[in-house]
2 protein chains.
Amino acid sequence: MTSAEKTEKTLRADARRNREKIFAAARELFARDAEGVQMEEIASHAGVGVGTIYRHFPTKQALLTEMVRTRFSRFTEIALEAERIDDPREAVETLIRQSCVEVEGDAGFQLAMMSPDELEWEGIEQEKAAFAEPATRIIDRAVESGAVRSDFSFADFPMLMCGITSTMYFAPAGSDWQRHLDLILAGLRPG
Amino acid sequence: MTSAEKTEKTLRADARRNREKIFAAARELFARDAEGVQMEEIASHAGVGVGTIYRHFPTKQALLTEMVRTRFSRFTEIALEAERIDDPREAVETLIRQSCVEVEGDAGFQLAMMSPDELEWEGIEQEKAAFAEPATRIIDRAVESGAVRSDFSFADFPMLMCGITSTMYFAPAGSDWQRHLDLILAGLRPG
DNA sequence: ACCTGAACACCGTTCAAGT
DNA sequence: ACCTGAACACCGTTCAAGT
C-alpha cells in the first residue's frame, strides 16, 4: 500500500466523523452568508478546534472548493436528465434553468462562481469534464437542429452562469435572476 | 459659514494636493489589480502616510466608491449622447455597449459593480439618479416603438451590467464579455 | 494518528505625537 | 489644520503540546 493510497482510503473513524461535521457546518454557514463566515466560527459550529479543519482542508478556499465540487456532481445529473428530453430547444433551456435553480440559495457556491481566483477551480477539473460531456451534447444538438443561434457553444455556459449567479448573490431575496435568465434564454434564439 | 460648507469648500492647498495624489494612485492601482491592493501600497505610491488617506476617506471601500462615482458621471454623458441617436433600437444598443466599453480595463469598477455590499452604493445615489433619467428615456422609447421586448425596463440595466462586468473581471484578457453582450442584446429583441 | 488552541502573520484602521 | 507611522484589531493559518 502506497502512502497515497493510505492517505486516500484509511481515515480513523473519529477523523472521518470530524471531516463530516466540518463539512456540514461549513455548508450550512457558507450557504447563509458566504462572506462573513470565519474559520473559528465553522470550527466551533462543528465542535472541533480550528487546527482540525486545517488538518482536513489546507485552506479556507479549499474548503469552499470542496463544497463546489459536491454541487457540481448535481450539475452532471441535471445534464444527463435534460439530455433525455426530445425537443432540442427545451433540453437546453432545462439544462440552464435547472442549473440555476440548483444553486439558488447557496451563497457559497455563487461566491465561488464569481470568484476572481481561477486557481481554486483546479481541484474540480474532473467534475467539470464529467459535466461538460452531456452539456456539450445537448448544446450541439440544439445548434445543429437550428433551435438556438449557431454561434452558441458550451464555452458560453460558465459565462452565463457567472452572470446569473452574480444576480442571485446581489439580489438574493427577489426573483431578479429569473428575469436575467429569461433575457438570456431569449438571446439564444437563432438570429 | 456653516461647518458643513467649510468642510466642503475650504481645503488647504497641500491637503487638496494630497487628496489628488491619493486619488490618482488609487485609480491606477485599483484598475490594475483591484483585489491585491493594500492601503499602505496606495499611500506610498501617493507619497503620503496611511493616516492621510484615512483623513480624506473613512474607509478603503469609501475610496473605491469615490472612484466609481467619478466613472458614473461618464455613464451619464454616454446616455445623453446615445439619446441623440434617432433609431430607438440603436440608441439602446449604444447605451449598453458604450457603458461596457467605458468600464473595460477598470478592475476596480468591475469589482465594485459585483460587490455584495450594497451599502457602499449609498454615496452615489445622486449620480445614479442623473444617469437613470436619460437611460430610462432611451429604454422606454425603444419599448414604445416596439424595438425591444415589452418587458424590458431600466430596472434590468444594473443586472445586465453586473453580469457582463463579472465576465470582464473573470476573463479580463479575452473578449468573452463581448459574446456575453451580444447574447444579451439579442435577448432584447421583441418576442 | 489525530486533536487542540495559543501564538503568529497580515492588513485595515486608529491615534498620540509632530509640524 | 494637517500629516506621520507605530500600535491596535481582526482573522486566516501554523505548530508545539497533548491524547
Side-chain angles (χ1 to χ4, degrees), chain A residues 1-23 25-26 29-30 33-67 108 111-112 115-117 119-120, chain B residues 1-23 25-26 29-30 33-67 108 111-112 115-117 119-120:
Chain A
M1 175 187 276
T2 69
S3 134
E5 276 167 345
K6 192 177 171 189
T7 308
E8 281 168 14
K9 300 200 61 171
T10 40
L11 258 188
R12 288 293 70 74
D14 57 340
R16 174 178 301 279
R17 234 178 294 124
N18 277 338
R19 196 187 149 88
E20 226 55 58
K21 285 194 290 182
I22 291 166
F23 211 74
L29 295 177
F30 274 139
D33 162 32
E35 284 236 297
V37 189
Q38 297 162 217
M39 293 302 267
E40 202 74 49
E41 202 180 343
I42 297 174
S44 76
H45 201 268
V48 302
V50 242
T52 306
I53 299 187
Y54 284 94
R55 165 164 283 268
H56 290 281
F57 307 93
T59 207
K60 190 182 183 181
Q61 263 292 352
L63 181 52
L64 227 187
T65 300
E66 210 55 39
M67 336 247 339
L111 192 74
S115 168
D117 313 307
L119 313 171
E120 310 307 336
Chain B
M1 177 186 273
T2 69
S3 133
E5 276 168 343
K6 193 177 172 189
T7 309
E8 281 168 13
K9 299 202 61 173
T10 39
L11 259 188
R12 286 294 71 73
D14 58 340
R16 174 178 300 277
R17 234 178 293 124
N18 277 339
R19 196 187 149 88
E20 226 54 60
K21 285 194 291 183
I22 291 166
F23 210 73
L29 295 177
F30 274 138
D33 161 31
E35 284 238 299
V37 189
Q38 298 162 216
M39 291 302 268
E40 202 74 50
E41 204 179 341
I42 296 173
S44 76
H45 201 269
V48 301
V50 242
T52 306
I53 299 187
Y54 284 94
R55 164 164 285 269
H56 289 282
F57 306 94
T59 207
K60 191 181 183 181
Q61 264 292 351
L63 182 52
L64 227 186
T65 300
E66 210 55 39
M67 336 247 338
L111 192 75
S115 169
D117 314 305
L119 314 172
E120 311 306 336

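Within every chain, numbering begins at 1; the chains are lettered A, B, ... in the order of the sequence lines, protein sequences first and strands thereafter.
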What N/O pairs connect the protein and nucleotides 15-19 of chain C at under 3.5 Å? Give each pair on its own line.
none

Restricting both atoms to N or O, compile the protein contacts to nucleotides 7-11 of chain C shorter than 3.5 Å, with distance only.
residue, atom, partner, partner atom, Å
C:dC11, OP1, B:Q38, OE1, 3.3

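To the nearest angstrom, C1' of D:dA1 lies 7 Å from CZ of B:R55. Distance, A:L63 CG to D:dT13 C1': 14 Å, rounded to whole Å. Atom C1' of nucleotide C:dC3 and atom CZ of A:F57 are separated by 15 Å, given to the nearest angstrom. Here D:dC3 presents its C1' atom at 12 Å from CD1 of B:I53, a figure rounded to the nearest Å. One interatomic measurement links the two molecules: CD1 of A:I42 to C1' of D:dT13, which rounds to 13 Å at whole-angstrom precision. Taking atom CZ on B:R17 and atom P on D:dC3, their separation rounds to 10 Å, with Å as the unit.
Between C:dC3, D:dT13, D:dC3, one nucleotide has an atom nearer to the side chain of A:T59 than all others, and that is D:dT13. Side-chain atoms of B:L11 lie closest to D:dC2 of the nucleotides D:dG5, D:dC2, D:dC3. Checking C:dT4, C:dT13, D:dC2 against the side-chain heavy atoms of B:V50 singles out C:dT13 as nearest.
Residues passing the side chain to side chain contact (heavy atoms under 4.5 Å, CB included) test with A:R17, sequence neighbours excluded: A:A13, A:D14. With sequence neighbours excluded, the residues that form a side chain to side chain contact (heavy atoms under 4.5 Å, CB included) with A:A46 are A:K21, A:I22, A:A25, A:V48.
When side chains are defined from C-beta on, A:F30 does not count as touching A:L111, because their heavy atoms never get closer than 4.5 Å. Contact of the B:L63 side chain with the B:I42 side chain is registered, since non-hydrogen atoms from C-beta on lie closer than 4.5 Å. In this structure, B:F23 and B:H56 have side chains that are not in contact, with every pair of non-hydrogen atoms separated by 4.5 Å or more.
Rounding to the nearest 0.5 Å gives a distance of 11.5 Å between OG1 of A:T59 and CD1 of A:I53. Atoms CG and CE, from A:L29 and A:M39 in turn, are 11.5 Å apart once rounded to the nearest 0.5 Å.
The shortest non-hydrogen separation linking B:G36 to B:E41 is O-OE1, 3.7 Å.
Stem analysis of DNA chain C (at least three stacked-register Watson-Crick or G-U pairs, each with both distances under 3.5 Å) gives C:4-8 with D:12-16, C:12-16 with D:4-8.
Contact between the side-chain N/O atoms of B:H56 and the OP1/OP2 oxygens of D:dC3 is found at a separation under 4.0 Å. Regarding contacts with the backbone of D:dC3, a side-chain N or O of B:N18 is found under 4.0 angstrom from either OP1 or OP2.
The residue B:R12 sits close only to the backbone: its heavy atoms come under 4.0 Å of sugar-phosphate atoms, none of a base.
The salt bridge (Lys or Arg N to Asp or Glu O under 4.0 Å) contacts involving residues 54-67 of chain A comprise A:E66-A:R69, where partners must be two or more places apart or lie in separate chains.
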